[in-house]
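Heads up: the structure comes next, in structure tokens.
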Amino acid sequence: MSNRLRNRFFVLLTEKERQENRRITQTEIAERLGISIQTVGRWLRNEVDRFDAPVVEKFCEYFGCEVGDLLYIDRSEAH
């Protein structure tokens, strides 16, 4: 069994969309946070293997959450 650091970006984005009653695009997030749309896409697809502190901080600020709400360790056996 190997652990893997994962993110809850999609869950947090879905919650934010529901709260604001609107669709939020990857482009909107990228422009608002000053990061690339490719970075947003990788986070959305949970394909991130390098977690840069400035990006994590921007996402936490955007979603109004703590790091532990955004990132977690996947301890399941099937990856």
Side-chain angles (χ1 to χ4, degrees):
M1 178 171 80
S2 65
N3 297 331
R4 182 164 181 216
L5 189 59
R6 309 283 290 168
N7 75 70
R8 290 188 173 97
F9 185 94
F10 180 77
V11 172
L12 294 170
L13 178 58
T14 302
E15 289 174 4
K16 187 172 181 73
E17 287 179 330
R18 187 175 34 234
Q19 290 170 352
E20 296 183 7
N21 197 30
R22 67 184 187 94
R23 173 101 164 83
I24 301 171
T25 66
Q26 293 178 47
T27 303
E28 177 185 342
I29 297 168
E31 289 175 354
R32 180 157 178 208
L33 300 182
I35 58 178
S36 73
I37 194 168
Q38 292 83 7
T39 297
V40 175
R42 281 193 301 275
W43 276 79
L44 190 58
R45 294 185 304 274
N46 219 335
E47 295 176 349
V48 181
D49 57 6
R50 179 177 160 189
F51 297 87
D52 295 320
V55 174
V56 171
E57 291 167 2
K58 287 178 182 184
F59 284 144
C60 286
E61 180 71 24
Y62 182 73
F63 291 120
C65 70
E66 298 297 323
V67 175
D69 300 320
L70 179 63
L71 301 174
Y72 69 100
I73 296 175
D74 183 356
R75 291 181 165 78
S76 65
E77 293 186 38
H79 291 290

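These numbers come from a predicted model, not from an experiment.
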Task: Considering all heavy atoms, the nearest Asn46-Arg4 contact - done: O-NH2, 4.0 Å

TODO: Report, as yes or no, whether the 6.0 Å neighbourhood of atom CZ on Phe51 holds more than 12 heavy atoms from other residues, nucleotides or ligands.
DONE: yes

Open item on the list: Are more than 12 heavy atoms, taken from residues, nucleotides or ligands other than Glu20, located less than 6.0 Å from that residue's CD atom?
Closed with: yes

- [ ] State the CZ-CD1 distance between Arg42 and Ile37, to the nearest 0.5 angstrom.
- [x] 11.5 Å

Open item on the list: Under 4.5 Å between side-chain heavy atoms, counting indirect links through other Ile/Leu/Val/Met/Phe/Trp/Tyr residues: same cluster for Ile24 and Phe59 or not?
Closed with: yes

Task: Side chain proximity check, Ile29 to Leu44, heavy atoms < 4.5 angstrom - done: no

TODO: Nearest 0.5 Å please: distance from the CD atom of Glu57 over to the CG atom of Leu33.
DONE: 12.0 Å

Task: Side chain Arg32, main chain Glu28, donor-acceptor under 3.5 Å - done: no

- [ ] Indicate the atoms forming the closest heavy-atom contact of Leu71 with Arg8, along with that distance.
- [x] O-NH1, 4.0 Å

- [ ] Taking the side chain as every heavy atom from C-beta outward, state whether Trp43 and Leu70 have any atom pair closer than 4.5 Å.
- [x] yes

Open item on the list: Is there a side-chain contact between Glu15 and Phe63 in this structure, where contact means two heavy atoms from C-beta onward sitting under 4.5 Å apart?
Closed with: no

TODO: Can you establish whether the number of heavy atoms outside Glu47 located under 6.0 Å from its atom CD is more than 12?
DONE: yes

Task: Under 3.5 Å: donor-acceptor pair, side chain of Asp74, backbone of Ser76 - done: yes

Open item on the list: To the closest 0.5 Å, what do you measure between CZ (Arg22) and NZ (Lys16)?
Closed with: 7.0 Å

- [ ] To the nearest 0.5 angstrom, please state how far the OH atom of Tyr72 sits from the CG atom of Leu5.
- [x] 9.5 Å

Open item on the list: Just verifying a value: how many Å separate Tyr62 OH and Leu13 CG, rounded to the nearest 0.5 Å?
Closed with: 6.5 Å

TODO: Considering non-hydrogen atoms only, spot the tightest contact between Cys65 and Leu12 and give its length.
DONE: SG-CD1, 3.9 Å

